[in-house]
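Written below as structure tokens is the structure these notes are about.
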Amino acid sequence: MAKSIYKFCIYAIIFLNLGFLDVFGTLDRQAMLLSLVLGLFAFLVYVFDENRVKILKGKDLVLFIFLIVGVFFFQATRIQYPGMTVKAAFTTFAGLLLVLATFPMYELLQSQFHKTMKYIVDIGFAAILLRIILWFSYNFIHINLGPGFFEGRENWTRNILGLNLVRISEPYISGFLFIVCILGIYNNGFFKKKVNNILGIILLYFYAIFVSQTRMQILVYTVILFLMIVFQAFSSNHKGLAVISLLIMIILFLLNRGYISSFFNSFDPNSVNGYSTTLRINSFNYFINEWQNGNVWLGFGFTPDNHEIGLNTYWISDFGIYINLFEFGILGFIILILPILKGIIVSVKHIKVSTFADNLFIGLTLFFIISMSNIYILNLTTIVPIYMGLMLLIENKNFISRKQNENIDNYSNF
């Protein structure tokens, strides 16, 4: 019974935060609230589940999880921003509490690893394809099939190929899908045919270049692709394929030096797209001044995402994890990054283990590290339970039953 509850709640949380409901309107806040209810319910079921598998290793991660929950409730008691109510803070920041879904996720991964991975990849690519259809319909057919994606963002455009196209943001699952596809090229993975994994990578690049037009996401993908190919060259059974891939990547880089140079020049404040870079520099200076003028140890606390300063609007969610240093102070920031630091240690320990679960975890750790400067941590609240559940899984593989261990290690295509 408990396993069925875990499955329903986790699957629903993953689905709700991929934006499917935004086809009917701006319902992301409602989706997160429902996700939180489901996550807390699954956690309570876990607490009273007498058949739950004991966590014998990784108890420090359990401590980190409850410290993160503590950060949320502590900051909720010291709201300082004028007009920021406890209700508004809960609506905006309660996603941090989804970290408690790590425990039911861990249980689910132990008993239904393949089914869970298959569901995440299936629903993830379905979300990517849906967003591409909505984006194409809005920009080229001028039909708004997804009001929640475009409401208030009609001017959120960037010039590409001579066209000003309205963008749709990246879903939280993109990095996960990218890692899965890379692993599928060199080992057994989601798609039976290796060419389909390549098509998956191309699709994710297409989304980053044209749909979200996120330059940092393109850069993150490319760096991860390079590092994962190098990693596979040393650890997989297909070293020749990995080396060939690396050579092809280097040749493509050399043949497209002009385009690559233009790409990096686009970050220059004096370039055509330099306005966004200038705005981010100004907003960064604003937020760091707010932090330095307040309590550097505890941060300036919960505030609205948007800050109207003169004629400009500064968005907290435009920044990477370092903005959490300003929000939650030195103490809160240290607590938030503890799971990532532990993830690095676990990844190093398992770097010579060639199972899919271990390689996926190492890939996700790389994604988090490289994306730190670009992705606001609250936009990753749904992927965090997956990441931490996976961490507990690979740390406790030696302590779970042999049958379950074989189910995790000896995988075939999902």
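Bear in mind the structure is a predicted one, so any value in this text is a computation, not a measurement.
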Check: Any sub-3.5 Å donor-acceptor pair from E290's side-chain atoms to I288's backbone N or O?
Finding: no
Next item on the list: Could you tell me whether F367 and F178 have their ring centroids closer than 6.0 angstrom?
Entry: no
Next item on the list: Check whether any side-chain heavy atom of L67 lies under 4.5 Å from a side-chain heavy atom of V71, and answer yes or no.
Entry: no
Margin query: Within a 6.0 Å radius of atom CG on N155, are there more than 12 heavy atoms belonging to other residues, nucleotides or ligands?
Written below: no
Item checked: Verdict with supporting geometry, T365 and Y387, side-chain contact (heavy atoms from CB on, under 4.5 Å) -> CA-CA 8 Å; T365 301; Y387 177 73; 2.8 Å; yes
Next item on the list: Would you please test F125 and C181 for side-chain contact (heavy atoms from CB on, under 4.5 Å) and show each step?
Entry: CA-CA 11 Å; F125 272 111; C181 286; 3.7 Å; yes
Notebook entry, point to check: Can you tell me how far CD of Q213 sits from CD1 of I168, rounded to the nearest 0.5 angstrom?
Noted result: 11.0 Å
Next item on the list: Measure from the side-chain N and O atoms of N139 to the backbone N and O of V166, and report whether any donor-acceptor pair falls under 3.5 Å.
Entry: yes
Check: Looking only at heavy atoms, what is the nearest atom pair of I173 and I120, with distance?
Finding: CD1-CG2, 3.6 Å
Margin query: Donor-acceptor check, side chain of D305 to backbone of I316, threshold 3.5 angstrom: yes or no?
Written below: yes
Note to self: Are the side chains of S169 and R131 in contact, using a 4.5 Å heavy-atom criterion?
What the structure shows: yes
Notebook entry, point to check: Under a 4.5 Å cut-off applied to non-hydrogen side-chain atoms, are F73 and L97 in contact?
Noted result: yes
Item checked: Heavy-atom pair of closest approach, residues V45 and A2 -> CG1-CB, 4.1 Å
Item checked: pair Y11-I123: side-chain heavy atoms closer than 4.5 Å -> no
Notebook entry, point to check: Closest heavy-atom contact between I340 and I321?
Noted result: CD1-CD1, 4.1 Å
Checklist line | For the student: nearest non-hydrogen atoms of L204 and S174, plus distance | finding: CD1-O, 4.1 Å
Item checked: From NZ (K57) to NZ (K59), nearest 0.5 Å -> 12.5 Å
Note to self: Could you tell me if the side chain of Y172 sits less than 4.5 Å from the side chain of L18, heavy atoms only?
What the structure shows: yes
Next item on the list: Kindly indicate, with the supporting measurements, whether the criterion side-chain contact (heavy atoms from CB on, under 4.5 Å) is fulfilled by I10 and Y119.
Entry: CA-CA 11 Å; I10 293 298; Y119 172 79; over 6 Å; no
Next item on the list: Using a 4.5 Å cut-off on heavy atoms from C-beta on, say whether the side chain of Q110 contacts that of N396.
Entry: no
Note to self: Check whether R167 reaches the backbone of R153 with its side chain - one donor and one acceptor, N or O, closer than 3.5 Å.
What the structure shows: no
Check: Are the aromatic rings of F328 and F300 close, with centres under 6.0 Å apart?
Finding: no
Checklist line | Contact check, side chains of K7 and L108, non-hydrogen atoms, under 4.5 Å | finding: yes
Note to self: Are W135 and F140, when compared by the centres of their aromatic rings, separated by less than 6.0 Å?
What the structure shows: yes
Check: Are Y205 and T222 linked by a side-chain donor-acceptor pair shorter than 3.5 Å?
Finding: yes
Item checked: Nearest-0.5 Å distance that lies between atom OG1 in T116 and atom CD1 in I386 -> 9.5 Å
Margin query: Test: ring pair (Phe, Tyr, Trp, His ring centres under 6.0 Å). Region: residues 23-45. Which pairs qualify, not counting sequence neighbours?
Written below: F43-F103
Margin query: We want to know whether T26 and E151 form a side-chain donor-acceptor pair, criterion being a heavy-atom distance below 3.5 angstrom.
Written below: yes
Next item on the list: Applying side-chain contact (heavy atoms from CB on, under 4.5 Å), run through L145 and V23 and close with a yes or a no.
Entry: CA-CA 7 Å; L145 298 176; V23 171; 5.9 Å; no
Notebook entry, point to check: At what distance, to the nearest 0.5 angstrom, does CE of M105 lie from CE of M388?
Noted result: 12.0 Å
Notebook entry, point to check: Does the ring center of F93 lie less than 6.0 Å from the ring center of F72?
Noted result: no
Next item on the list: Please check if the side chain of S137 supplies one atom and the backbone of I143 the other of a donor-acceptor pair under 3.5 Å.
Entry: yes
Checklist line | F8 CZ: over 12 foreign heavy atoms closer than 6.0 Å | finding: no
Notebook entry, point to check: Under 4.5 Å between any side-chain heavy atoms of F176 and V121, yes or no?
Noted result: yes
Note to self: Quick check on the 6.0 Å ring-centre criterion: do Y286 and H307 meet it?
What the structure shows: yes
Next item on the list: Rounded to the nearest 0.5 Å, what's the gap from CD on E107 to CG on L393? Could you check?
Entry: 10.5 Å
Item checked: Heavy-atom closest contact (G389 atom, Y106 atom, distance) -> O-CD1, 3.9 Å
Margin query: For F287 together with F326, are the ring centres under 6.0 Å from each other?
Written below: no
Next item on the list: Indicate yes or no for a side-chain donor-acceptor contact from D22 to the backbone of L27 under 3.5 Å, with no hydrogens or angles considered.
Entry: yes
Next item on the list: Work out which heavy atom in L109 is nearest to a heavy atom in F113; give both atom names and the distance.
Entry: O-CB, 3.1 Å
Checklist line | Reported CD1-to-CD1 distance for the pair I133 and I128, which is rounded to 0.5 angstrom | finding: 12.0 Å
